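Notes follow once the structure below has been shown.
Atoms considered below: every heavy atom in the structure, side chains included; atoms not considered: hydrogens, waters and symmetry mates. First the proteins, then the strands, lettered A, B, ... as listed; each starts at 1. Being a predicted model, the structure only gives us computed values, none of them experimental.
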2 protein chains.
Amino acid sequence: MPTSIRDVAKLAGVSVGTVSNVLNRPQEVSADSVTRVHRAIEQLGYVRNDAARQLRVGVSSSVGFVVLDGQNPFFNDVVRGAEDEASRHGIAILYGNTDEDSAREGMYLDLFEEQRVRGVLISPYGDINPRLERLRERGIPAVLVDRFSGNGRFSSVSVDSVAGGRMAAEHLIERGRRRIAFVGGPFEMRQVSDRLAGARVAAESSTERVEIEVIATTALTVEEGAAAGQRLLQRPRRDWPDALFAANDLLALGLLQALVVSRRALVPDEIAIIGFDDNPFAGAAAVPLSSLRQPSRTIGRTALRILLEETSDPTAIPRQTVFLPELIVRASTG
Amino acid sequence: MPTSIRDVAKLAGVSVGTVSNVLNRPQEVSADSVTRVHRAIEQLGYVRNDAARQLRVGVSSSVGFVVLDGQNPFFNDVVRGAEDEASRHGIAILYGNTDEDSAREGMYLDLFEEQRVRGVLISPYGDINPRLERLRERGIPAVLVDRFSGNGRFSSVSVDSVAGGRMAAEHLIERGRRRIAFVGGPFEMRQVSDRLAGARVAAESSTERVEIEVIATTALTVEEGAAAGQRLLQRPRRDWPDALFAANDLLALGLLQALVVSRRALVPDEIAIIGFDDNPFAGAAAVPLSSLRQPSRTIGRTALRILLEETSDPTAIPRQTVFLPELIVRASTG
DNA sequence: AACGACGGATGAATCGTTTCAGGTCAGGAC
DNA sequence: GTCCTGACCTGAAACGATTCATCCGTCGTT
């Protein structure tokens, strides 16, 4: 029932080798054979079986993308960028979402290894360097996304979070804020600790006396942001910071919502807020949100491109691509 | 270099058949062999080659998901639901985004057919019934997502958009609004026309005299919503509607933003707004947005479950699963 | 006429699994 | 001692593509 390359060969009156050649290097086949084979393919509705191809040539036509947080529009944009570039090469994306769960992360890496994917894009959660090393030994390269490769063993595409944190804090300081609360967590996430580090650099290198307080959250979500906002509002007013720097826009939106709904704190007059990512909803928020824009589509596209280069040249030296975020000033920092 | 099942067999001192049995039906193998094989696997770091497995048994361990609009949080949630269910079965998701482009849609269906995926989830854009029929003939079932199967030839999981449209309009009418503008488009999208149809039903079955005006957009995006809002504000004030029903939350957020930023129209006092989807950002908007919540995760999960059932029983009768949306009232409709 | 070169076509071998028809062996029934 | 029954294993065939050593004609050269 399922038609194979042999059926095509028979109908076209040529050998299977010729059919394969028509499919893969038509220039080495006579024009006559090409048309006959194409006609046969058309007539039978033949579609090449990629599993057989992959088994023989040993290389798959898909790449895996392990995403940290499928809810986050930032990652969706990154995936979009990668998917866009992949489709140009006839490559499909195997999508795995870990939701910050090491077990799921490992599970997807296993799955992708079984599939012998061409390569893996990953925004890592746990310590997966050993896993990635192992994949590489097996000829599956990996590119880290939204994460700088600490030891330089892998290529990575990320945004300079330290610089971004610094830009955010400098902006707040310049606007006259002196008591900044950094809202974010968990701090095992490199992006989170980097953004805080950047903010601290800004505070220390300022001529003014600037305090940085840390309000820890357990995740980068709207809910956690709102909860943090609630906690803040319960303090006596004199203990309030005059600015909030949220580790990402989801948190910032949650914070904003808590402050606006309570009507107890004016944004930005009493408390300014700045986020990170500039996700598509930041500009549409209660008070349009200042943020640091990441070139998310470009990140995905670039990561996929590097991955493909590494698959064709396994000896390539890993390279770290770092983009600078862009400060977007809106009403929330007035 | 790459280790195969044969290497494992040799090291464990058994035949390849036994290794395969250990992997696939351990209960039929002696305990002794099982442990020896496992030890060998461990030692060699063997990972089964899924392409070879797939070639032999003829069934892949991935399903394709063709998504209409990767930017839309609603679809991301649906994907999440599907992915969650899939991971339970050791199945990976091949992710394809069409961005409402028939060419891309066809491209992904081709790609998935080459991969001989287990099945396809799709939120269709163009008229792809013939393509899906063809896939089915080849043993690849498809489940329509967020779209009712017109001719009942395929299973589908969707939300009753007519009912939702009706609920939205009834809510506005009940709140005293009489001049409702429906903002949405293109109308080829079934969801859009259904939501409008529902609103018309509500208007006609009301005891009051209710006008429904249509403001067409070219896409369901924040930008289109904002643009529609601008156009609206340019009219003389006496021609303004007193309520806007947006075909989805992205549009609604855009509308809201246009009205709020201009400060010319009070929401909801002068103009009420209701959206559709209840995406995670609707509640965090300038004026928290009323909306119709779709059980997006559940939709994805259900669709995948049905797909798997159909792969195991190809004679199953297609079934249409329809969820009812839930009215979420927030400040934007006072 | 002999020879070499070359464009094309051929088909067997191969990739790494799963499956299945048989084979081996120990133990139980008679 | 013979036969039967299971439990367990074995190894070759098969899946559908790609590749490559060969072969076949034709044509140009000498």
Side-chain angles (χ1 to χ4, degrees), chain A residues 1-38 40-41 44-62 90 111 113-118 138-140, chain B residues 1-38 40-41 44-62 90 111 113-118 138-140:
Chain A
M1 191 70 215
T3 71
S4 81
I5 200 172
R6 232 169 300 266
D7 305 313
V8 175
K10 202 181 305 171
L11 180 60
V14 298
S15 72
V16 293
T18 300
V19 176
S20 176
N21 282 334
V22 169
L23 256 31
N24 299 303
R25 0 181 158 53
Q27 69 285 9
E28 297 187 9
V29 177
S30 73
D32 181 50
S33 299
V34 170
T35 58
R36 295 208 345 255
V37 167
H38 276 148
I41 287 176
L44 295 171
Y46 166 77
V47 174
R48 115 130 114 329
N49 182 330
D50 196 63
R53 194 195 68 92
Q54 180 177 339
L55 174 60
R56 182 64 239 252
V57 309
V59 58
S60 137
S61 50
S62 45
L111 211 50
E113 190 175 351
E114 280 199 2
Q115 309 257 351
R116 303 288 194 271
V117 293
R118 192 97 135 227
R138 286 167 159 50
I140 302 179
Chain B
M1 190 73 214
T3 73
S4 82
I5 201 173
R6 229 170 302 264
D7 305 313
V8 174
K10 200 181 307 170
L11 180 60
V14 298
S15 73
V16 294
T18 300
V19 176
S20 177
N21 282 334
V22 169
L23 257 30
N24 300 304
R25 355 183 163 57
Q27 71 286 9
E28 296 185 11
V29 177
S30 72
D32 181 51
S33 298
V34 170
T35 58
R36 283 183 23 230
V37 167
H38 275 148
I41 287 177
L44 295 171
Y46 165 77
V47 174
R48 118 130 110 327
N49 182 330
D50 196 63
R53 196 195 68 91
Q54 180 177 338
L55 175 59
R56 180 65 238 251
V57 310
V59 58
S60 134
S61 50
S62 45
L111 211 49
E113 188 175 352
E114 281 198 1
Q115 308 258 351
R116 304 288 194 269
V117 293
R118 191 99 136 227
R138 287 167 159 50
I140 301 179

Is any side-chain nitrogen or oxygen of [X] closer than 4.0 Å to OP1 or OP2 of [N]?
X: B/Ser4; N: C/dC15; answer: no
X: B/Ser15; N: D/dT10; answer: yes
X: A/Ser33; N: C/dG8; answer: no

Protein N or O to nucleotides 18-20 of chain D N or O, pairs below 3.5 Å:
from: D/dT18; atom 1: OP1; to: A/Asn24; atom 2: ND2; distance (Å): 3.1
from: D/dT18; atom 1: OP2; to: A/Ser20; atom 2: OG; distance (Å): 2.8
from: D/dT18; atom 1: OP2; to: A/Asn24; atom 2: ND2; distance (Å): 3.3
from: D/dT18; atom 1: O2; to: A/Arg56; atom 2: NH1; distance (Å): 2.6
from: D/dT19; atom 1: OP2; to: A/Arg25; atom 2: NH2; distance (Å): 2.6

Can you check the [X] [atom1] to [N] [atom2] distance for me, whole Å?
X: B/Gln54; N: C/dT18; atom1: CD; atom2: P; value: 12 Å
X: A/Asn49; N: C/dC15; atom1: CG; atom2: C1'; value: 13 Å
X: A/Asp50; N: C/dC15; atom1: CG; atom2: C1'; value: 14 Å
X: A/Lys10; N: C/dA9; atom1: NZ; atom2: P; value: 20 Å
X: B/Leu55; N: D/dA13; atom1: CG; atom2: P; value: 17 Å
X: B/Asp7; N: C/dT17; atom1: CG; atom2: C1'; value: 13 Å

Of all heavy-atom pairs between A/Ala12 and A/Val37, which one has the smallest distance, and what is that distance?
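Looks like CB-CA, 4.0 Å.
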Axial bend angle, the helix from C/dA1-D/dT30 to C/dC30-D/dG1: five-pair end segments, nearest 10°:
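It comes to 60° between the two terminal axes.
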Once you round to the nearest 0.5 Å, how far does [atom1] of [X] lie from [atom2] of [Y]?
X: A/Asn49; Y: A/Thr3; atom1: CG; atom2: OG1; result: 10.0 Å
X: B/Gln54; Y: A/Leu55; atom1: CD; atom2: CG; result: 10.5 Å
X: A/Tyr46; Y: A/Leu23; atom1: OH; atom2: CG; result: 5.5 Å
X: B/Arg118; Y: B/Ile140; atom1: CZ; atom2: CD1; result: 12.0 Å
X: A/Glu113; Y: B/Arg48; atom1: CD; atom2: CZ; result: 12.0 Å
X: B/Lys10; Y: B/Asp7; atom1: NZ; atom2: CG; result: 6.0 Å

Are the side chains of A/Val22 and A/Val14 in contact, using a 4.5 Å heavy-atom criterion?
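They are not in side-chain contact.
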Min side-chain heavy-atom separation B/Pro2-A/Arg116 under 4.5 Å
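Result no, sub-4.5 Å side-chain heavy-atom pair not found.
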